[in-house]
There are 2 protein chains.
Amino acid sequence: MTYNAAFDSRPTVMSESASTPVDSVLALVQRTSLTRLVGEALEKMILAGELPPGSKLNEVALAERLGVSRGPLREAFRTLEESGLIRQEKNRGAFVREIELSEAADIYEVRAGLDATAGRLLAERATPEQLAVLREFAAGMQRAAGVNDVDAFHALNLAFHDRIVEMTGNAALLDVYRRLVKQLALFRRRNLLAPQAIPHFAEEHSAIVDRIAAGDAAGAAEALHAHARGGRQRMLRDGELGSLPVADEKRA
Amino acid sequence: MTYNAAFDSRPTVMSESASTPVDSVLALVQRTSLTRLVGEALEKMILAGELPPGSKLNEVALAERLGVSRGPLREAFRTLEESGLIRQEKNRGAFVREIELSEAADIYEVRAGLDATAGRLLAERATPEQLAVLREFAAGMQRAAGVNDVDAFHALNLAFHDRIVEMTGNAALLDVYRRLVKQLALFRRRNLLAPQAIPHFAEEHSAIVDRIAAGDAAGAAEALHAHARGGRQRMLRDGELGSLPVADEKRA
DNA sequence: GCTTTGTAGATTGTCAACAATCTGCAATAA
DNA sequence: TTATTGCAGATTGTTGACAATCTACAAAGC
């Protein structure tokens with residue numbers, strides 16, 4: 001999925017190239033098909049909210065906009081469908097998937113289990129370097145909480161949990177985790193963090209890192225599980241409020 | 001994914017049809033595209049071992065064999081790629097994915113976490129009918145263990161765990177779970193159960209049902225987690241043996 | 001007025017053809 | 001002999017065209 005292996009190819013025989021970016025570009029072109037490019041572009045548009053949930057994805061219009069024909073676009077649709085970002089109906093077309101509150105709650109439940117698994121695994125194998133990175137994240141979030149920087153906290157929060165999963169080295173776990181996070185990103189009905197809850201989360205993050213650092217597999221798993229379920233509860237509460245005609249729009 | 005909603009459409013206005021299968025077929029044709037059909041056919045072939053891991057999937061040959069053109073076939077390829085059953089290389093083609101032992105171990109680790117989540121959820125909400133079904137499964141596996149019917153036990157085992165996940169009613173959990181099980185099915189290097197271990201597993205299954213029936217969420221989660229990790233350990237042990245030049249082919 | 005029917009335009013499903021790339025083998029040269 | 005080069009066939013990537021289906025609106029019938 002990631003292309004950080006772009007520089008893996010050593011110059012080998014054809015040592016004529018003093019320009020390093022060449023083979024990087026080459027390696028990219030080599031692996032990347034139009035379908036993949038289109039799929040990534042669409043995913044970005046969807047996750048950025050440019051194509052909001054429920055949107056109809058017109059084939060000819062999108063193909064023209066992206067400068068490709070309908071073939072690669074339709075293949076990309078299949079990829080996005082299987083990854084849960086769009087939904088296709090025969091003879092009706094493709095639509096950006098809409099995640100109901102109950103579905104989001106279900107996904108969050110699974111995510112909690114994955115977080116717990118990641119914590120368990122990482123507590124057993126974390127390196128000092130990895131722990132340093134996590135501590136830096138935790139400190140950054142404490143700082144963001146201190147100055148009430150919601151956006152910074154949110155970004156760090158996402159990255160923190162992603163890195164924990166990534167650091168386990170378990171590709172299957174990372175794959176599933178990211179899939180679910182993307183689907184959850186589709187559900188953003190006031191998904192922003194309540195500012196007053198941020199310091200509490202920052203504390204939990206630090207505690208999580210402590211458990212991992214202590215090699216406490218069960219404790220790390222439990223801490224992450226409770227942390228995720230707390231997030232789920234908050235989402236459910238906000239969701240119920242949001243479905244009522246409550247006029248509280250000034251939060252943004 | 002499943003089509004058990006085929007009879008959901010009531011006769012409505014056009015009550016001319018005394019033949020019930022008509023609208024069932026109609027509903028199927030309505031929802032099913034060539035791409036979906038091809039995808040299901042390919043998945044079946046792969047999981048049945050008809051297309052073994054590493055196989056090259058030739059587009060024109062497969063298209064001709066299935067009686068479709070390359071377009072729908074290529075779309076189905078994208079679906080299967082995203083579900084982790086095949087791998088595609090640009091300008092080289094599609095291949096049935098090969099799961100290494102280490103990968104299978106990683107997948108099993110995730111599966112253990114999902115099993116635990118399912119057990120936790122089901123223990124909180126299982127109905128008497130569901131518990132009866134699970135008890136029947138457990139009893140059936142005890143019987144199969146008694147007469148050493150490995151095949152029957154294996155089939156029941158798969159169904160048992162699938163049903164537990166399904167019974168939670170969490171669609172996201174079921175989706176992820178089945179995806180991983182399919183990928184694991186790709187890894188069948190003597191993946192058959194050792195006959196002497198079967199009674200032990202049958203006992204564990206009964207214990208799992210007991211925990212669920214007791215509403216012991218933590219206990220059910222822990223039992224299922226340990227159960228899955230036990231399976232993982234056995235697979236690792238067998239895998240290491242299998243990679244050595246041990247001549248023990250008469251087990252089948 | 002309301003429902004039904006019919007038609008035109010738009011949209012998706014499928015296909016076949018063309019272009020680009022790869023693979024394997026033979027011919028050539030060191 | 002061995003390595004390299006250059007083809008020819010096979011295979012995949014992409015495109016545009018045609019067929020099937022759906023949607024929206026208008027006309028006709030009750």
Side-chain angles (χ1 to χ4, degrees), chain A residues 9 11-16 22-23 25-42 51 54-82 85-97, chain B residues 9 11-16 22-23 25-42 51 54-82 85-97:
Chain A
S9 59
T12 62
V13 182
M14 44 180 298
S15 54
E16 39 168 281
V22 165
D23 55 340
V25 172
L26 224 80
L28 257 167
V29 173
Q30 216 100 38
R31 301 224 176 287
T32 206
S33 62
L34 265 191
T35 298
R36 198 172 298 267
L37 240 39
V38 167
E40 289 169 10
L42 284 179
L51 297 171
S55 302
K56 172 76 189 298
L57 302 179
N58 183 292
E59 292 187 0
V60 291
L62 262 179
E64 188 165 352
R65 178 172 166 189
L66 296 172
V68 300
S69 79
R70 287 171 55 218
L73 181 68
R74 285 174 59 90
E75 290 187 30
F77 276 2
R78 294 293 173 184
T79 298
L80 292 175
E81 179 182 37
E82 188 65 20
L85 257 44
I86 74 173
R87 159 182 59 87
Q88 294 203 74
E89 292 180 34
K90 171 167 170 149
N91 289 327
R92 301 271 329 271
F95 305 82
V96 178
R97 190 162 156 221
Chain B
S9 59
T12 61
V13 182
M14 47 179 296
S15 55
E16 38 166 283
V22 165
D23 56 338
V25 172
L26 224 80
L28 256 167
V29 172
Q30 217 100 36
R31 298 223 178 288
T32 205
S33 63
L34 266 192
T35 298
R36 198 174 298 268
L37 239 39
V38 167
E40 289 171 9
L42 283 179
L51 296 172
S55 302
K56 172 77 189 296
L57 302 179
N58 183 292
E59 291 187 2
V60 291
L62 263 179
E64 189 166 352
R65 178 172 166 187
L66 296 173
V68 299
S69 79
R70 288 171 55 217
L73 181 67
R74 285 174 60 90
E75 289 187 29
F77 277 1
R78 293 295 174 184
T79 298
L80 292 175
E81 180 183 37
E82 189 64 20
L85 258 43
I86 73 173
R87 159 182 59 88
Q88 294 202 74
E89 293 179 33
K90 172 164 169 155
N91 290 325
R92 300 274 327 272
F95 304 83
V96 178
R97 188 161 157 223

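All values reported here derive from a predicted model rather than from experimental measurement. Proteins come first, then strands; the chains are lettered A, B, ... in the order of their sequence lines, and each starts at number 1.
- Atom CD of B:Glu59 is separated from atom P of C:dA19 by 19 Å (rounded to the nearest Å).
- For the side chain to side chain contact (heavy atoms under 4.5 Å, CB included) test with A:Ile86, the passing option among A:Leu51, A:Thr79, A:Leu57 is A:Leu57; the others fail.
- DNA chain D lies under 4.0 Å from at least one heavy atom of each of the following residues of residues 66-73 of chain B: B:Arg70.
- In this structure, A:Leu37 and A:Thr35 have side chains that are not in contact, with every pair of non-hydrogen atoms separated by 4.5 Å or more.
- Between the CZ atom of A:Arg74 and the P atom of D:dT15 there is a distance of 15 Å, given to the nearest Å.
- As judged by a 4.0 angstrom heavy-atom cut-off over every strand, A:Arg92 is placed among residues touching the sugar-phosphate backbone only.
- Looking at every heavy atom in both residues, B:Leu80 comes nearest to B:Gly39 through CD2-O, 4.1 Å.
- Rounded to whole angstrom, the span from the CZ atom of B:Arg36 across to the P atom of C:dT14 amounts to 11 Å.
- C:dC22 atom C1' lies 12 Å from atom NZ of B:Lys90, rounded to whole Å.
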- Task: Step by step, work out the salt bridge (charged side-chain N to carboxylate O under 4.0 Å, His left out) result for B:Arg36 and B:Glu75.
- Result: CA-CA 9 Å; B:Arg36 198 174 298 268; B:Glu75 289 187 29; over 6 Å; no

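- Side-chain atoms of B:Asn58 lie closest to D:dT12 of the nucleotides C:dT12, D:dT12, D:dG13.
- A:Phe77 has its side chain out of reach of B:Arg78: every pair of non-hydrogen atoms, C-beta onward, lies at least 4.5 Å apart.
- A:Lys56 has a side-chain polar atom (N or O) that falls below the 4.0 Å cut-off from OP1 or OP2 of C:dT12.
- For the salt bridge (Lys or Arg N to Asp or Glu O under 4.0 Å) with B:Glu59, the qualifying choice from B:Arg65, B:Arg92, B:Arg70 is B:Arg70, the only one to do so.
- Each of D:dT14, C:dC15, C:dT12 was ranked by its minimum atom distance to the side chain of A:Ser33; first place goes to D:dT14.
- Look at CG on B:Leu57: it is 13 Å from C1' on D:dT11, rounded to the nearest Å.
- Rounded to a whole Å, the CG atom of B:Leu37 is 14 Å from the P atom of C:dG13.
- In this entry the distance linking CD of B:Glu75 with P of C:dT12 reads 12 Å, nearest Å.
- Straight-line distance from the CD atom of B:Glu89 to the C1' atom of D:dT11: 14 Å, rounded to whole Å.
- Side-chain atoms of A:Lys90 come within 3.5 Å of backbone atoms of B:Thr32 as a donor-acceptor pair (strictly under, hydrogens ignored).
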